[in-house]
Amino acid sequence: MQLIAQGSDTGNFRYGVDVNEVAPGAVTFAVKNGSYQTVSLTNANYADGNWHYLLAEYNSSANQISLTVVNTNGTAATAATALLPGFSPLFNANTGNLFIGRYNYSWTADPRNFQGEIDEVQVSQGLVTPNTGQLGFIPALIPLRITGISVNGGMVTINFTANTTDNASAFTVLSSSTVDGSYSALPATITAVGPGNFQAQVARSASTAFYRVQR
């Protein structure tokens with residue numbers, strides 16, 4: 001299924017990104033300058049109904065292409081392919097329309113049309129990196145980790161670590177009377193005590209209680 005394709009309607013395909021071509025759920029970035037050159041990520045099924053952020057880069061100076069996928073659960077994968085000697089640069093010509101989510105004008109005739117949702121698309125001249133502000137970049141999430149818990153009278157203090165870019169308002173404290181029970185959110189005071197370090201204070205909810213912190 002085609003995510004983006006440049007020039008398919010004129011027969012002058014220039015570049016594109018698709019899913020499911022080389023393997024179920026695999027993502028492929030392809031460029032053409034006489035011959036097709038591709039780079040693929042086959043490490044996971046990206047056609048899983050979840051959101052994924054894709055960054056496809058064509059680097060004519062290094063004569064390579066690369067593909068990165070960042071997932072909403074914080075995992076990421078990347079791959080690069082060296083292009084054939086003399087492949088670069090891509091030809092500069094009228095290559096027709098840029099299709100997003102489809103391969104050509106005919107919705108019913110071509111099964112390569114994308115059966116899903118695409119939120120944001122950016123096409124940029126010049127190389128981009130995760131630090132140069134490309135549209136919608138999702139930074140990899142550092143798993144939240146509780147580093148300490150203490151009880152002082154009727155107050156419970158929970159220390160935990162997370163991303164340095166997280167705000168204290170992103171977290172919620174929950175409690176249950178049994179470790180595998182039904183957890184409920186508690187009123188909590190959560191503060192940042194340093195980059196990526198947080199402290200939550202809640203009123204002690206019972207003589208026996210189990211606590212969770214979630215992003």
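This structure is a prediction, so every number in the text was calculated from the model and none was measured.
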Please examine the side chains of [Y] and [X], heavy atoms only from C-beta on, and report whether any two atoms are closer than 4.5 Å.
X: Ile146; Y: Asn159; result: no
X: Val17; Y: Val27; result: yes
X: Leu84; Y: Gln37; result: yes
X: Asn104; Y: Arg102; result: no
X: Ile100; Y: Ile118; result: yes

side-chain contact (heavy atoms from CB on, under 4.5 Å) between Val173 and Ile190, worked out: CA-CA 9 Å; Val173 178; Ile190 303 176; 4.1 Å; yes
Checking [X] side chain against [Y] main chain: does a donor-acceptor pair fall under 3.5 Å?
X: Asn12; Y: Gly7; result: no
X: Gln115; Y: Asn113; result: yes
X: Asn33; Y: Phe87; result: yes
X: Ser8; Y: Phe13; result: no
X: Thr81; Y: Thr38; result: yes
X: Asn59; Y: Ser61; result: yes

All ring-ring contact (aromatic ring centres under 6.0 Å, His included) counterparts of Phe171, not counting sequence neighbours: Phe160, Phe198
Residues that Tyr103 engages under ring-ring contact (aromatic ring centres under 6.0 Å, His included), provided they are two or more places apart: none
Please report the interatomic distance [atom1]([X]) to [atom2]([Y]), rounded to the nearest 0.5 Å.
X: Thr191; Y: Gln199; atom1: OG1; atom2: CD; result: 5.5 Å
X: Glu21; Y: Met1; atom1: CD; atom2: CE; result: 12.0 Å
X: Arg204; Y: Ser175; atom1: CZ; atom2: OG; result: 11.0 Å

Residues in side chain to side chain contact (heavy atoms under 4.5 Å, CB included) contact with Gln6, at least two apart in sequence or another chain: Arg14, Tyr15, Thr95, Leu98
Assess, by modelled atom type and distance only, whether the side chains of [X] and [Y] contain a donor and an acceptor separated by less than 3.5 Å.
X: Gln2; Y: Asp18; result: no
X: Ser88; Y: Asn63; result: yes
X: Asn43; Y: Tyr46; result: yes
X: Ser40; Y: Thr28; result: yes
X: Tyr211; Y: Ser176; result: no

Crowding at CG, Asp48 (>12 non-hydrogen neighbours, <6.0 Å): yes
Gln214 vs Thr172, side-chain hydrogen bond (donor to acceptor under 3.5 Å, both in side chains): CA-CA, chis, key distance, verdict: CA-CA 5 Å; Gln214 70 178 24; Thr172 304; 4.8 Å; no
For the hydrophobic clusters of this structure (ILVMFWY residues joined by side-chain heavy atoms under 4.5 Å, transitively), does one cluster hold both [X] and [Y]?
X: Ile149; Y: Phe210; result: no
X: Leu186; Y: Val156; result: yes
X: Val213; Y: Met155; result: no
X: Val151; Y: Ile158; result: yes

Search all heavy atoms of [X] against all heavy atoms of [Y] and return the closest pair with its distance.
X: Lys32; Y: Leu90; value: O-CD2, 3.6 Å
X: Leu41; Y: Ala79; value: CD2-CB, 3.7 Å
X: Ala188; Y: Val202; value: CB-CG1, 3.2 Å

Criterion side-chain contact (heavy atoms from CB on, under 4.5 Å) on Thr78 and Leu67, from CA distance to verdict: CA-CA 6 Å; Thr78 188; Leu67 180 64; over 6 Å; no
Worked verdict on Tyr53 versus Asn71 for side-chain hydrogen bond (donor to acceptor under 3.5 Å, both in side chains): CA-CA 6 Å; Tyr53 177 85; Asn71 310 302; over 6 Å; no
Partner of Phe29 by side-chain contact (heavy atoms from CB on, under 4.5 Å), out of Val39, Ile4, Leu3: Val39
side-chain contact (heavy atoms from CB on, under 4.5 Å) between Leu83 and Ile65, intermediate numbers included: CA-CA 7 Å; Leu83 301 174; Ile65 53 177; 4.0 Å; yes
